[in-house]
J.: 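Here you go, one structure.
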Amino acid sequence: QVRLIESGGGLVQAGDSLRLSCSASGRPFTPYALGWFRQAPGKEREFVASITRGGGSASYADSVKGRFTISRDNDKNTLNLQMNNLQPDDTAMYYCAAAPATYAPTSRSAFRHWGQGTQVTVST
């Protein structure tokens, strides 16, 4: 069982940047593709970004392409999401997730392990 813990959320203004991190305990990250999802109040949880086991390939939602960058450090068992030029529509709870996949999944159903989330709030 992989236990995932997110950190780095907060309250920022539009145009600011934040860096989210996700650490793992219980077992190494290495066998898993990793991803970030987000859920705004009253909305479905949606895909943000994902990365393959080795970190060589990533997928992004259209809404964050060019602004967000996902990365991982398998030696440190850490997943990161660099978020630049944040906008009010990015306000949501952000979740880290792990998938037993050899590619970078974009579907929520592919992910088996989830963190508790970290809140990101972007004001105008």
Side-chain angles (χ1 to χ4, degrees):
Q1 181 77 11
V2 178
R3 182 165 175 253
L4 304 173
I5 303 171
E6 302 93 339
S7 62
L11 172 63
V12 296
Q13 293 184 327
D16 285 351
S17 298
L18 270 179
R19 185 177 179 86
L20 304 184
S21 294
C22 175
S23 61
S25 62
R27 56 185 302 179
F29 261 168
T30 312
Y32 298 94
L34 301 172
W36 288 98
F37 286 73
R38 66 187 182 186
Q39 187 167 16
K43 294 187 176 181
E44 295 285 322
R45 191 171 298 189
E46 65 174 6
F47 168 76
V48 174
S50 62
I51 191 167
T52 51
R53 292 184 297 189
S57 181
S59 297
Y60 294 92
D62 288 342
S63 59
V64 306
K65 275 182 185 175
R67 299 188 299 125
F68 292 11
T69 302
I70 189 172
S71 63
R72 65 189 291 168
D73 185 334
N74 287 339
D75 290 337
K76 296 181 179 179
N77 255 15
T78 302
L79 173 72
N80 298 302
L81 184 69
Q82 177 66 41
M83 305 186 296
N84 297 329
N85 190 23
L86 283 160
Q87 299 300 314
D89 283 349
D90 296 317
T91 295
M93 186 71 80
Y94 282 71
Y95 297 90
C96 168
T102 59
Y103 58 101
T106 61
S107 170
R108 181 178 170 182
S109 62
F111 290 84
R112 295 289 180 263
H113 306 286
W114 294 83
Q116 294 300 305
T118 184
Q119 178 68 37
V120 173
T121 303
V122 185
S123 64
T124 56

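If you're wondering where the values come from, they're calculated on a predicted model, not measured in any experiment.
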J.: Output all residues satisfying side chain to side chain contact (heavy atoms under 4.5 Å, CB included) with T30, sequence neighbours left out; order by chain, then residue number.
T.: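 T30 satisfies side chain to side chain contact (heavy atoms under 4.5 Å, CB included) with P28, N74 only.
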J.: Which residues pass the side-chain hydrogen bond (donor to acceptor under 3.5 Å, both in side chains) test with R45, sequence neighbours left out?
T.: Q39
J.: If the condition is side chain to side chain contact (heavy atoms under 4.5 Å, CB included), which residues does S63 pass it with, not counting sequence neighbours?
T.: R38, A61
J.: What pairs with T52 under side-chain hydrogen bond (donor to acceptor under 3.5 Å, both in side chains), at least two apart in sequence or on another chain?
T.: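 Counting only residues at least two positions away or on another chain, T52 forms no side-chain hydrogen bond (donor to acceptor under 3.5 Å, both in side chains).
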J.: Compare every heavy atom of P105 with every heavy atom of S50, then report the nearest pair and how far apart it is.
T.: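 The answer is OG-O, 2.7 Å.
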J.: Please name all residues satisfying salt bridge (Lys or Arg N to Asp or Glu O under 4.0 Å) with K43, sequence neighbours left out, ordered by chain then number.
T.: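 Once residues adjacent in sequence are excluded, K43 has no partner under the salt bridge (Lys or Arg N to Asp or Glu O under 4.0 Å) criterion.
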J.: To check you understand the geometry: which heavy-atom pair defines the closest contact between A99 and A110, and what is its length?
T.: CB-O, 3.3 Å
J.: On a heavy-atom basis, which atom in C22 and which in L4 lie closest, and how many Å separate them?
T.: SG-CB, 3.9 Å
J.: Looking only at non-hydrogen atoms, find the nearest pair between T102 and R53 and report the distance.
T.: CG2-NH2, 3.3 Å
J.: Go through the structure and list residues passing side chain to side chain contact (heavy atoms under 4.5 Å, CB included) with S23, not counting sequence neighbours.
T.: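 Applying side chain to side chain contact (heavy atoms under 4.5 Å, CB included) to S23 gives I5.
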J.: In residues 117-124, what donor-acceptor pairs under 3.5 Å come from side-chain atoms, sequence neighbours left out?
T.:
| from | atom 1 | to | atom 2 | distance (Å) |
| --- | --- | --- | --- | --- |
| T118 | OG1 | G9 | N | 3.1 |
| Q119 | NE2 | A92 | O | 3.4 |
| Q119 | NE2 | T121 | OG1 | 3.4 |
| S123 | OG | V12 | O | 3.3 |

J.: When rounded to the nearest 0.5 angstrom, what is the spacing between OG in S17 and CG in N85?
T.: 7.5 Å
J.: Considering all heavy atoms of both residues, which atom of G15 and which atom of Q87 are nearest to each other, and what is their separation?
T.: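 Closest heavy-atom pair between G15 and Q87: N-NE2, 4.1 Å.
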J.: What are the two closest non-hydrogen atoms of L81 and A49, and how far apart are they?
T.: CD1-CB, 4.3 Å
J.: Does anything in residues 61-85 form a ring pair (Phe, Tyr, Trp, His ring centres under 6.0 Å)? List the pairs, not counting sequence neighbours.
T.: none
J.: Using modelled atom types only, decide if a donor and an acceptor are shared between the side chain of E6 and the backbone of Q116 within a distance under 3.5 Å.
T.: yes
J.: Of all residues at least two apart in sequence or in a different chain, which pass the salt bridge (Lys or Arg N to Asp or Glu O under 4.0 Å) check with D62?
T.: K65
J.: Can you list every ring pair (Phe, Tyr, Trp, His ring centres under 6.0 Å) pair that touches residues 18-43, not counting sequence neighbours?
T.: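 Residue pairs with at least one partner in residues 18-43: Y32-H113, F37-F47, F37-F111, F37-W114.
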J.: Mind checking what makes side chain to side chain contact (heavy atoms under 4.5 Å, CB included) contact with T69, not counting sequence neighbours?
T.: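 Expected list: Y60, Q82.
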J.: What distance separates L79 CG from R72 CZ, expressed to the nearest 0.5 Å?
T.: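 CZ of R72 is found 7.0 Å from CG of L79.
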J.: Report whether Y95 and L20 are members of the same hydrophobic cluster (ILVMFWY, side-chain heavy atoms less than 4.5 Å apart, transitive linking).
T.: no
J.: Sequence neighbours left out, what passes side-chain hydrogen bond (donor to acceptor under 3.5 Å, both in side chains) with R3? Give chain and number order.
T.: none
